[in-house]
Amino acid sequence: MERVTKMASERPVVIFSKSSCCMCHTIKTLFCDFGVNPAVHELDEMARGKEIEQALSRLGCNPSVPAVFIGGELVGGANEVMSLHLNRSLIPMLKRAGALWV
């Protein structure tokens with residue numbers, strides 16, 4: 001769990017993902033289209049990815065990926081990110097975290 005917390009605060013936006021997950025791809029594309037440059041951790045390509053995935057589940061991520069952290073805080077998965085985007089809260093959150101300058 002401590003490792004996840006440390007990784008989640010390395011950049012303004014951190015995404016835990018799996019390379020074969022279509023919802024992960026959608027969320028990564030959304031952030032990139034905004035001009036955000038997130039740190040992306042592909043759990044299926046990491047040596048200890050399974051441990052990190054289990055830690056994300058313990059944090060309440062269900063499903064465990066995509067798991068999005070903004071400003072070091074867990075935002076949630078695809079549903080939560082899309083809800084924030086649709087109610088126009090995502091961009092201001094990204095600006096506050098220093099992920100967007102515009």
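Since the model is a prediction, treat every value here as computed from it, not as a measurement.
To the nearest 0.5 angstrom, N62 atom CG is 11.5 Å from L56 atom CG. C32 contributes atom SG, which lies 9.5 Å from atom NE2 of H25 (distance to the nearest 0.5 angstrom). If you take CZ on F34 and CG on L100, they are separated by 8.0 Å, rounding to the nearest 0.5 Å. The structure places CZ of R96 at 11.5 Å from CD1 of I91, a figure rounded to the nearest 0.5 Å. Once rounded to the nearest 0.5 Å, the distance linking SG of C61 with CZ of F16 reads 9.0 Å.
In this structure a side-chain-to-backbone donor-acceptor pair under 3.5 Å is present from E80 to G77.
Closest heavy-atom contact between V14 and A8: CG2-O, 3.4 Å. Residue A78 comes nearest to P66 through the heavy atom pair N-CG, 3.9 Å, listed as atom of the first residue, atom of the second, then distance. A pairwise comparison of heavy atoms in L74 and L59 identifies CD2-O, 3.9 Å as the closest pair.
Evaluation of the side-chain contact (heavy atoms from CB on, under 4.5 Å) rule for S9 yields no partner, not counting sequence neighbours. The side chain to side chain donor-acceptor pair (under 3.5 Å) search around D44 returns S19, not counting sequence neighbours.
Screening residues 7-36 for salt bridge (Lys or Arg N to Asp or Glu O under 4.0 Å), with sequence neighbours left out, gives K18-E53, K28-E42.
Proximity of M7 to I52: side-chain heavy atoms (C-beta onward) are separated by under 4.5 Å at one or more points. At a threshold of 4.5 Å between non-hydrogen side-chain atoms, the residues L90 and L30 count as touching. Residues V81 and F31 have side chains in contact (heavy-atom distance under 4.5 Å, counting atoms from C-beta outward).
Two different hydrophobic clusters hold V68 and L43 under the rule that ILVMFWY side chains link at heavy-atom gaps under 4.5 Å. A continuous path of hydrophobic side-chain contacts links I27 to L94 [ILVMFWY only; heavy atoms under 4.5 Å]. Cluster annotation: M46 and V4 are assigned to the same hydrophobic cluster (Ile/Leu/Val/Met/Phe/Trp/Tyr, side-chain heavy-atom contacts under 4.5 Å, transitive).
Aromatic rings from H41 and F69 are positioned such that their centres are separated by 6.0 Å or more.
Residue E45 qualifies as enclosed at atom CD: its count of foreign heavy atoms under 6.0 Å is above 12. By the 6.0 Å contact criterion, CD on E73 is open, its count of non-hydrogen atoms from other residues, nucleotides or ligands being 12 or less.
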